[in-house]
Amino acid sequence: SGCVHGWLGVGAAALKRWDDAERHLRTAIAANEQAGTPPFTARAQYDLALGLLARDRRGDADEAAAFRALAPATAGRPGIFSNTAATLKA
């Protein structure tokens, strides 16, 4: 299930608490990287991309695109998030 911060970040994003979501998801990325769990790292990267797009501050779209591109490579599964790519374009 990965680092609990990933779930906390998703929950914070659902409540539109964007700064909390960002903090939790960045912590999840770092913790999952340290634990050596690429699929959970990738999920947190992807969730952070979604949160940044939803928050929509200056620079968020560019950073979201970078995380969106990084997540499949991190997971070692190109196309893993392709079925939800439309969400990131909306």
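- G6 approaches A28 most closely through the heavy-atom pair N-CB, 3.4 Å.
- Nearest heavy atoms, A42 versus A71: CB-O, 3.2 Å.
- The salt bridge (charged side-chain N to carboxylate O under 4.0 Å, His left out) check on E63 picks up R26, with sequence neighbours excluded.
- In this structure, the separation between CD on E33 and OG1 on T41 is 5.0 Å, given to the nearest 0.5 Å.
- No side-chain heavy atom of W7 sits less than 4.5 Å from a side-chain heavy atom of H5.
- No more than 12 heavy atoms of other residues, nucleotides or ligands shown are found within 6.0 angstrom of CZ on R17.
- Looking at every heavy atom in both residues, W18 comes nearest to G51 through CE3-O, 3.9 Å.
- Among D47, L25, D62, D60, the single residue meeting the side chain to side chain contact (heavy atoms under 4.5 Å, CB included) criterion with L52 is D60.
- We find the NE2-SG distance between H24 and C3 to be 10.0 Å, quoted to the nearest 0.5 Å.
- R23 is linked by a salt bridge (charged side-chain N to carboxylate O under 4.0 Å, His left out) to D20, counting only residues two or more places apart in sequence or in another chain.
- Remark: the backbone N or O of N32 is paired with a side-chain donor or acceptor of T37 at under 3.5 angstrom.
- With sequence neighbours excluded, the residues that form a side-chain hydrogen bond (donor to acceptor under 3.5 Å, both in side chains) with R57 are D19.
- Here the closest non-hydrogen pair linking A49 and F67 is CB-CB, 4.0 Å.
- Between A21 and G9 the shortest heavy-atom distance is CB-O, 3.4 Å.
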